[in-house]
Amino acid sequence: QVQLVESGGGWVQAGGSLRLSCAASEHTYNTKHMAWFRQSPGKEREGVAVIYAGGQPTYYADSVKGRFTVSRESAKNTMYLQMNSLKPEDTAMYYCAASAGFYARAWYDSYAYDYWGQGTQVTVSS
């Protein structure tokens, strides 16, 4: 059972940056791919970015392309999300997720993941 813990959320003004971290309880060789999702009140959980084993490939939601960068550091069992040029609409609870296998689901489908963190809040003010 892989446990995931997010950190790095907080409050920032529009145009600012934050870096989220997701620490796994064991070596991430047990996971096939890892992703970031976000959810704001009244909205469905949205896939933000995914990174596959070995660091490639990566994919992003259209709404964050060019602003967010996902990476992973296997030696530290950690995945990151660098968020630049933040907008008020990026305000949400951000979750990391990990998959133990390959399923016939899109990377942004939450059912494609076996493990989830508890979330970290990101608030962007205008």
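Between Val70 and Val50, the shortest heavy-atom contact is CG1-O, 3.7 Å. Contact between Ser85 and Ser17 at its shortest, heavy atoms only, is N-OG, 4.3 Å. Of all the heavy atoms in Leu18 and Gly8, the pair that sits closest is CD2-O, 3.9 Å. Between Ser125 and Pro88, the closest heavy-atom pair is C-CG, 4.5 Å.
With values rounded to the nearest 0.5 angstrom, Glu46 atom CD is found 12.0 Å from Ser110 atom OG. Here the CE-OG1 distance, from Met83 to Thr69, works out to 11.0 Å after rounding to the nearest 0.5 Å. Atom CD of residue Gln56 and atom CZ of residue Arg72 lie 11.0 Å apart, to the nearest 0.5 angstrom.
Within a 6.0 Å radius of CD in Gln3, no more than 12 heavy atoms belonging to other residues, nucleotides or ligands are found.
Counting heavy atoms from C-beta outward, Tyr94 and Gln121 have side chains that stay 4.5 Å or more apart. A heavy-atom distance below 4.5 Å is found between the side chains of Gln118 and Glu6. Between Lys87 and Arg67, the closest side-chain pair of non-hydrogen atoms falls below 4.5 Å. Two residues are said to be in side-chain contact when any heavy atoms from C-beta on lie closer than 4.5 Å; Cys22 and Trp36 meet this criterion. Contact annotation: the side chain of His33 never approaches that of Ile51 to less than 4.5 Å [non-hydrogen atoms, C-beta and beyond]. Inter-residue side-chain proximity for Met79 and Cys96 is flagged as met; some heavy-atom pair is nearer than 4.5 Å. For the pair Leu86/Phe68, a side-chain contact is recorded, criterion being any heavy-atom separation below 4.5 Å from C-beta on.
No path of Ile, Leu, Val, Met, Phe, Trp and Tyr side chains, each step under 4.5 Å between heavy atoms, connects Tyr80 with Met34, placing them in separate hydrophobic clusters.
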Query raised in the report: Should Trp116 and Phe37 be marked as a ring pair (Phe, Tyr, Trp, His ring centres under 6.0 Å) after you check the CA-CA gap, both sets of side-chain angles, and the distance that decides it?
Result: CA-CA 10 Å; Trp116 291 85; Phe37 283 74; 5.0 Å; yes
**Report entry** Chi angles and distances behind the side chain to side chain contact (heavy atoms under 4.5 Å, CB included) call for Gln82, Ser71
**Finding:** CA-CA 8 Å; Gln82 178 66 44; Ser71 60; over 6 Å; no
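Side-chain atoms of Thr91 come within 3.5 Å of backbone N or O of Val124 as a donor-acceptor pair. Judged by distance alone, with hydrogens and angles left aside, the side-chain atoms of Glu73 form no donor-acceptor pair with the main-chain N or O of Asn77 at under 3.5 Å. In this structure, Ser63 contributes its side chain and Ala61 its backbone to no donor-acceptor pair below 3.5 Å. A donor-acceptor pair is defined here as one N or O able to donate and one able to accept, closer than 3.5 Å; such a pair exists between the side chain of Thr120 and the backbone of Gly9.
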Which pairs would a plain distance check flag for residues 102-109, meaning a side-chain donor or acceptor within less than 3.5 Å of a matching protein atom at least two apart in sequence or in another chain?
| residue | atom | partner | partner atom | Å |
| --- | --- | --- | --- | --- |
| Tyr103 | OH | Asp114 | OD1 | 3.0 |
| Tyr103 | OH | Asp114 | OD2 | 2.9 |
| Arg105 | NH1 | Asp109 | OD2 | 3.2 |
| Asp109 | OD1 | Tyr111 | N | 2.9 |

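Of the candidates Met93, Arg38, Gln39, Arg45 forms a side chain to side chain contact (heavy atoms under 4.5 Å, CB included) with just one, namely Gln39.
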